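Throughout, a chain's letter reflects where its sequence line sits, starting with A, and its residues are numbered from 1. Treat the numbers as computed from the prediction; the structure is a model and nothing was measured.
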2 protein chains.
Amino acid sequence: MATEIPDIVIGRLPLYLRALTHLAEKGQTTTSSHELGQRLGISSAQIRKDLSHFGEFGKQGTGYHINFLIDQLRHILHLNLVWSIAIVGAGYLGHALAHYQGFEQRGFRVAWVFDNDPQRVGETVNGVEVRHINDMIACLREEHVQMALLAVPTEAAQETADMLIEAGITAILSYAPINLKVPVGVQVQYSDPVVQMQRMTYYLNATAQYPET
Amino acid sequence: MATEIPDIVIGRLPLYLRALTHLAEKGQTTTSSHELGQRLGISSAQIRKDLSHFGEFGKQGTGYHINFLIDQLRHILHLNLVWSIAIVGAGYLGHALAHYQGFEQRGFRVAWVFDNDPQRVGETVNGVEVRHINDMIACLREEHVQMALLAVPTEAAQETADMLIEAGITAILSYAPINLKVPVGVQVQYSDPVVQMQRMTYYLNATAQYPET
DNA sequence: CTAGAATTGTGAAAAGTTGCACGAATGGTT
DNA sequence: AACCATTCGTGCAACTTTTCACAATTCTAG
């Protein structure tokens, strides 16, 4: 317990939380590391060891009380409050994100949407008014927003990230297919569908595919 | 060289490919493991070791010829042909994916879009006609489509995945926040923004956030 | 109250991954 | 030609992550 907890462990906690919430919604009240592992495709020992970094949450013979464990994980991940987030870029992707129904239940609230297209500014997306990107720094600074979803065209991604950092943002989920340069202390997560798809084609049988090029 | 190449290595190749393509577009013709590593936040030794699983692509003193290495990586990842993909679910997310401009350049073509809403069937999304999900199995089987992007509501995700597998799909990129049960031989990649966001909140300073709940 | 099944938390071993450091090769410069 | 600065590919060592396996605890049921 304590010292430095590996990032790879932190990365699995949201998956545990998601699976536990799913079980809770089905009305189940307790579970075991074995059951959880089965659902997630992870060994039961790994789940037990991961959790043991933070305390002793289970009971021998019984397993884990689901609601209790959910509560603990929420605290560990700082999800016992609602995080306001900004969506930057109100194109197709920005709209999809703004309409995503999974944020509220899981600790986030879309507080701001920004775009640089005057046509879009003033429009309302899922109840949130689109603001011009020129107002972004002032808005986010004032409200101490810490997290942003970056959904702008690739060419604009780095400069927009720079603005976000100037605005005090310290966590960015970027959908642009480039590596952002950010100062230490700023976290970045990436989501690039093509990278995930290309990882799979390695294992696919190319001869079964209709050729081209 | 040869034997079994670790999956973690495969997962980095698309990132190398992306960075190399970026350099090529800027007009650069050669690069080094050091330069590439800097851009990606990866050690140069790791890049060299990863590539050495597949052959010797560099030259001492000079580094790598970018176009040559791109070509090699494309072959390794089976991107020397264009993969037809299906998008299932034509909601906000399905639309965003269908309009994504990065597929063509990087080895993929949106060949099919499916939805179960009669209102949407017949509509055209970025030049592709939306078909009813009832026709899905027949369409995909006939064309030997191997990859699908799953963008349906959570409740429908598992049953839709089952249909995809019945249709012969062997690689799924799922946007639903659940773990899919699939037979061996079927690959699944997941994309859940909230999981990535929750991973970051662990490191964020909760006291700086306006409270709630 | 006891026996047996279930399940945790964890130390130690095994497996996997990354980084170091160096010989060998290359190209540019004097 | 000789030297120097680069840079690769790689064996080995260091580090990280996962798995094993078991004592300890709990619950159930007769």
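Within the nucleic acid shown, A:Ile8 comes within 4.0 Å of sugar-phosphate atoms alone, with no base atom in reach, counting heavy atoms only.
Nearest heavy-atom pair across B:Ile47 and B:Ser33 is CD1-O, 3.7 Å.
In this model, the phosphate group of D:dT6 is not approached by any side-chain N or O of B:Tyr64 to a distance below 4.0 Å at OP1 or OP2. Between B:Thr62 and the phosphate of C:dT26, there is no side-chain N or O to OP1/OP2 separation shorter than 4.0 Å. Within the structure, a side-chain polar atom (N or O) of A:Ser33 is placed less than 4.0 Å from OP1 or OP2 of C:dT8.
Rounded to an integer number of Å, the gap from B:Ile47 CD1 to D:dC8 P is 9 Å. Distance, A:Lys59 NZ to D:dA23 P: 23 Å, rounded to whole Å. For A:Asp7 and D:dT17, the CG to C1' distance is 13 Å, given to the nearest whole Å. Note: CZ (B:Arg12) to P (C:dG16) measures 15 Å, nearest angstrom. Regarding A:His34, its NE2 atom lies at a distance of 11 Å from the C1' atom of C:dA6, rounded to whole Å.
The side chain of A:Arg48 sits closest to C:dT8 out of C:dT8, D:dT10, C:dT17.
Residue A:Gln105 places its CD atom among 12 or fewer non-hydrogen atoms of other residues, nucleotides or ligands, all under 6.0 Å distant.
Sorted by first and then second residue, the side chain to side chain donor-acceptor pair (under 3.5 Å) pairs involving residues 155-164 of chain A (not counting sequence neighbours) are A:Gln158-A:Asp162.
At least one side-chain heavy atom of B:Arg18 sits less than 4.5 Å from a side-chain heavy atom of A:Asp192.
If A:Gln46 and B:Ser32 are placed on DNA chain D by their nearest nucleotide, the residue sitting closer to the 5' end is B:Ser32.
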